[in-house]
Amino acid sequence: MTGFDPFAAALNNMTAAKTPSAGAEQRPLTRAQQDLKRAVELLEAMAGASEGVKRNYLRRVKDFPALVMQVGLAQAVAFSVDKAGKNDDRGGAHRLLLNHLYAVWRPETQGQPVQLDDGKGREHVLKFLQDLSTAEYRHLTRRTLAAWVYFRRLSESVLDPDGTLGEERE
């Protein structure tokens with residue numbers, strides 16, 4: 001009897017390479033994938049920054065999660081807001097860090113920077129945190145720490161692939 005073999009047909013269906021149809025939609029990115037993509041884009045956009053700003057940013061990005069866990073998100077951000085007002089490499093690094101934080105918090109901004117050069121822009125970041133409920137604040141803290149993993153891990157390879165910047169101690 002040379003009839004239809006259901007087992008062979010099922011095996012063929014499972015192993016056959018399927019090409020996606022023209023109208024097939026891709027799956028949406030997971031939150032971790034979105035965070036990774038955002039971190040790479042924002043760090044690559046820093047290519048034009050001076051070596052001093054990059055060196056300071058590398059230090060700040062590594063220390064930021066510990067600071068958040070010690071004093072809380074609002075106090076860590078307030079510290080960066082205060083330091084972002086200076087017109088040196090350290091201030092530039094803090095401004096970049098705040099912009100990257102804001103891009104994590106508000107993904108709809110598409111990485112557009114907050115104008116942190118004046119006091120009004122820095123107050124905007126703090127006002128955003130102050131207007132959150134306790135549950136939203138706790139969620140934002142967890143989101144920040146989860147996304148910051150990628151900024152920490154990728155910053156050195158993107159900003160200092162040769163290892164020439166080293167670590168700066170202050």
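Residue indices begin at 1 and follow the sequence shown.
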I need the minimum non-hydrogen distance between [X] and [Y], along with the two atoms involved.
| X | Y | answer |
| --- | --- | --- |
| A103 | L42 | CB-CD1, 3.6 Å |
| L43 | L159 | O-CD2, 3.6 Å |
| K83 | H94 | CB-CD2, 3.3 Å |
| R60 | A93 | CG-CB, 4.3 Å |
| V53 | G92 | CG1-C, 4.1 Å |

Trace of the side chain to side chain contact (heavy atoms under 4.5 Å, CB included) decision for L36 with L29: CA-CA 10 Å; L36 175 63; L29 296 176; over 6 Å; no
Sub-6.0 Å ring centroid separation between F151 and F64: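 Distance test on ring centres: not under 6.0 Å, no.
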For H100, the option from W148, Y150, Y57 that meets ring pair (Phe, Tyr, Trp, His ring centres under 6.0 Å): Y57
Spacing of CD belonging to Q75 relative to CD belonging to Q70, to within rounding of 0.5 Å: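 It is 12.0 Å, given to the nearest 0.5 Å.
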Rounded distance (nearest 0.5 Å) linking atom CZ of R59 with atom CZ of R55: 13.0 Å
V77: which of L97, L98, D82 passes side chain to side chain contact (heavy atoms under 4.5 Å, CB included):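 Option passing the side chain to side chain contact (heavy atoms under 4.5 Å, CB included) with V77: L98.
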ILVMFWY network linking M69 to L129, side-chain heavy atoms under 4.5 angstrom: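 The answer is yes; both residues are in one hydrophobic cluster.
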Just distance, no hydrogens or angles: give the donor-acceptor pairs under 3.5 Å from side chains in residues 140-147, sequence neighbours left out.
| residue | atom | partner | partner atom | Å |
| --- | --- | --- | --- | --- |
| T141 | OG1 | Y137 | O | 2.9 |
| R143 | NH1 | D35 | OD2 | 3.0 |
| R143 | NH2 | D35 | OD1 | 2.9 |
| T144 | OG1 | W105 | NE1 | 2.8 |
| T144 | OG1 | L140 | O | 2.7 |

Residues forming a side chain to side chain donor-acceptor pair (under 3.5 Å) with E136, sequence neighbours excluded: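 Checked E136 against side chain to side chain donor-acceptor pair (under 3.5 Å); matches are S133.
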